[in-house]
Amino acid sequence: MTEKYNMPDARGHFGPYGGTFVAETLIPPIQELNSAYHKYLQDPEFLSELDADLKYYVGRPSPLYYAERWSRELGGAQIYLKREDLNHTGSHKINNTVGQALLAKRMGKTRIIAETGAGQHGVATATVAARLGLECVVYMGAVDVARQSLNVYRMKLLGATVVAVESGSKTLKDALNEALRDWVTNVDNTFYIIGTVAGPHPYPAMVRDFQAIIGRETKQQCQELTGQIPDALVACVGGGSNAIGLFYPFIDDPSVRLIGVEAAGDGVATGRHSAPLCAGRPGVLHGNRTYLMADDDGEIIETHSISAGLDYPGVGPEHAWLKDTGRAEYVNITDNEALEGFYALTRMEGIIPALESSHAMAHTIRLAPTMRKDQIIVVNLSGRGDKDMQTMAKREGIEL
Amino acid sequence: MSRLAATFERLAQSGRKALIPFVTAGDPYPDFTLPLMHAMVKAGANVIELGAPFSDPMADGPVIQRASERALAHKMSLSRTLAIAAEFRKTDQITPVVVMGYLNPIEAMGYEGFANAAQRADIDGVLTVDLPPEEGEQCAALLKERGIDTIFLLAPNSSSDRIEKMAAIGSGYLYYVSLKGVTGAGHLDAGDVETKLKQIKSITTLPVGIGFGVKDAETAKTVSSLGDGVVVGSALISKIESNQDNPERAQEEIIGLLSSMRQAMDS
Ligand SMILES: Cc1ncc(COP(=O)(O)O)c(C=O)c1O
C-alpha cells in the first residue's frame, strides 16, 4: 500500500458504504455532532482530558498478555491477548463512552441515551452518565434483558432507566430503533451514545477513533515485548467496534492479517446466525449502507447468537469496505465453537472471557496451529465473562 | 403536468386543501387495502400515501410499527405494495398515489429496478423516510426521468439551507413533519407550525402537506389552514387496530373520521 488509508470521505462514505441515511429531524443534531467531533478531536485540551480519563478512570493502558501455556498447547503461533476485559466495567465499550460523554458535556447536553445488547455498552454508558451527573436512559431488547439480567441490575444501580424494548425481534436492532425514536423526540437536550461503529456518519468514524487506542497500544506493546509487530489480529465482530479499534492502526501495515470473527449461531448454512459480512448483502439500516441480513424483499431477518453483543443484523460500514477491498478477512464461529473458546481460555489461562470474545478465541484455536512458532497473533479479549455466568450455568444445567 | 401538481392546482383554484390519508399496504391483510383506497377517495381524500411495510420502521411510533408487523405477517412487501397501487390505478386515473417507506426494500430491488416498477405501477410520488437529499439525488433523478415526484420531509429544525435543498430536488409537494418525534406522537403546536410554514413558503412555491399529530377533525381544520394539505396516518390506523376482529367496522370508522375531517376542512 503506497497511499495512506484515509477513510471515510468528508461525507462519511467508505466507498459505497456508510453515509447519512436518517429522517430529516435527525440531520441537524447529526451535523451538530459532526462539527463537535471534528473540533474536539483536534483540541489539545479535550484530548488531554480524554487521556487522563482513560488512564485514571478506565485503567489504561490495558496489558498485552502473553498466553504462554495456550500458545504451547496449540503448537503454532505465539498468542497475545489484548486485555480489554480489565478495563473499568469489564469491556472495551468504556473507551468509547468516556469519549462521547466528554463530547456531550462540551455540547451542553443534559440527557444521555444508549442502546445495548449484552448490556456492556449500557453499563459503560450508565457509568459515565453517573460520573457526570447526567440523566441516562438505556434501551435494551426484552430478550436481552432476560439473558443479561446482571447487567440490567448494574445499570439500575448506576441510576439509569432501562427500557425493555418489546418490538420486532426484541434484541439489539430493536433497541437501536427505539433509541433513534427517543432521539428524534428529544433532539434538543439529548446526546445519543451509540455503542458500536454503526449508525449515521460521524458515528462509525468517531467510535473507531475512540476505540483505536486499543490498536495503538497494541502496536507499541507488541514492539516492546517481542521487537516486532503482530502477524495477525483477531477480534469478534458484532457491530465491529472492538475489531476496528484493534485493526485501524494496522491498516497501512500490509504484513498484518486483519481477521474479524462473526457469530455463526447454529451455523451459517442454517440461516440462524448473525454473520452479515460472511452471508449477508449490502443494504441500508440504522443510518448507513453496509452488509445486512435481509431477505429478497429487503426486510431485515432475525439474527441468532449465543452472545447478545453479536446478535445484530448489520455491521459497521468500514468493515464492509475492508471486506470488499480484501484488506480484512471475515470468518464465522458457531455457538458451540465459541463455547470451546470460552472453556479453553478459562482452563488454560485462568481468564473467563465474554461469550462475544469467545468467538475470537475459538477462531484462534483454528488459526494458531496453521502458523509458524515465530509468528504472533494478537487476539482482542474484548470483555470478561462475568455477565455470562447465568447463560453458561443454564447451559450446564446448573441453577444459580 | 403530474397528477400531484394537477391535484394541488385544482384544489388551490377552489380554495380547498388536500386531505392526504396514510395507510400501510396490507394492514391488517392484503385484500383490505384496495377497497379502502377507493372508499377514502369517495370520502374526500385527494392524495393517498400508501405505506410499504418495513421490518424496522425507525421513524414510526407504535401504531404504525404494529401496522407494519401485521402487514409483514402476511408477506406484504414493496413490490406487492406497488401491485396494489397498480390495481388502484386501473379504476382511478385521477387520485395521485405516493408510496412511502424506508430505503432498504428499494435497495434490495435496486434503484433502477424500483424506478421501473414504480413507473409500471403508475404511482406518482415516492417518499423515503431515511433517504435525505444528500444521499438521495441518484434515486430522485431516476424517478424524475420517469415522471415520478420525490417528496422530501421537512422538520421543525430544518434550516433555510435545507429547505432550499429539498425545494430544488423535491417535487410534487413537501411533507412538513409538524413536531420533533415519531408518527402518532403527542400534540402539535399550531403557533410553531405557522411560523415554520411562513419560512418554508418564503423559500419555495411547492405545496406543503403537514403531518404528524393530526388526530381529529379539529386538528385537521387548524393544520389545513396553515399549509396546502393535511396528512393523517396513525389516527386512521388505530381504527384498524381496534377492530381487528371486524374489518368492515374498521373501514367504516376510517371513512367516518376522514369524512369529518373533510367537512371541517371545507367549512
Ligand atoms: C465484550 C464484548 N465484545 C464485543 C461486543 C460486540 O461489539 P463490537 O463488535 O462493537 O465490538 C460486545 C457488545 O456488547 C461486548 O460486550
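Chain letters run A, B, ... following the sequence lines, proteins first and then strands; every chain starts at 1. What's counted below: heavy atoms across the whole structure, side chains too, no hydrogens, waters or symmetry copies.
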Q. Between B:Val177, B:Thr128, B:Leu103, B:Ile106, which shows the greatest number of heavy-atom pairs under 4.5 Å with chain A?
A. B:Leu103

Q. Highest number of heavy-atom pairs under 4.5 Å with chain A: which of B:Arg162, B:Met166, B:Met109, B:Glu134?
A. B:Arg162

Q. Looking at B:Gly61, B:Pro156, B:Pro105, which one has more heavy-atom pairs under 4.5 Å with chain A than the rest?
A. B:Pro105

Q: Locate the shortest heavy-atom distance separating B:Gln65 from A:Ser167; write the atom from each residue and the value.
A: OE1-CB, 3.6 Å

Q: Report the distance from atom CG of A:Asp188 to atom CG of B:Asn157, rounding to the nearest 0.5 Å.
A: 7.5 Å

Q: Would you mind checking which part of A:Arg281 comes under 4.5 Å of any heavy atom in chain B, side chain (CB onward), backbone (N, CA, C, O), both or neither?
A: neither

Q. Do you know the tightest heavy-atom contact between A:Val284 and B:Asn104?
A. N-OD1, 2.8 Å

Q. Counting heavy-atom pairs under 4.5 Å to chain B, which of A:Thr185, A:Leu285, A:Asp182 comes out on top?
A. A:Thr185

Q. Checking heavy atoms, do the side chain of A:Leu292, its backbone, both or neither come under 4.5 Å from chain B?
A. side chain

Q | Within 6.0 angstrom of B:Asn116 CG, more than 12 heavy atoms from elsewhere | A | yes

Q: Name, in order of residue number, those residues of residues 23-32 of chain A that have a heavy atom at a distance of less than 4.5 Å from a heavy atom in chain B; otherwise write 'none'.
A: A:Ala23, A:Glu24, A:Thr25, A:Ile27, A:Pro28, A:Pro29, A:Gln31

Q: Give the minimum heavy-atom separation between B:Pro132 and A:Phe21, together with the two atoms involved.
A: CD-CA, 4.1 Å

Q. For the candidates A:Ile300, A:Leu180, A:Asp295, which exhibits the highest count of non-hydrogen atom pairs separated by less than 4.5 Å from chain B?
A. A:Ile300

Q | Pairwise distance CG(B:Asp56) to OG(A:Ser169) - rounded to 0.5 angstrom | A | 7.5 Å

Q. B:Leu78 versus A:Asp297: any side-chain heavy-atom pair under 4.5 Å?
A. no

Q: Give a yes or no on whether a salt bridge exists between B:Glu107 and A:Arg289, defined as a side-chain N under 4.0 angstrom from a carboxylate O.
A: yes

Q: Go through the atoms of A:His286 and report whether side chain, backbone, both or neither lie under 4.5 Å from a heavy atom of chain B.
A: both

Q) Considering all heavy atoms of both residues, which atom of A:Glu299 and which atom of B:Ser55 are nearest to each other, and what is their separation? A) OE1-N, 2.8 Å

Q: Side chain from CB out, backbone as N, CA, C, O: work out which of these in B:Pro57 comes under 4.5 Å of a heavy atom of chain A, or both, or neither.
A: both

Q.
Looking at chain B, which one of A:Asp174, A:Asn177, A:Val187 has the largest number of heavy-atom pairs inside 4.5 Å, strictly under?
A. A:Asn177

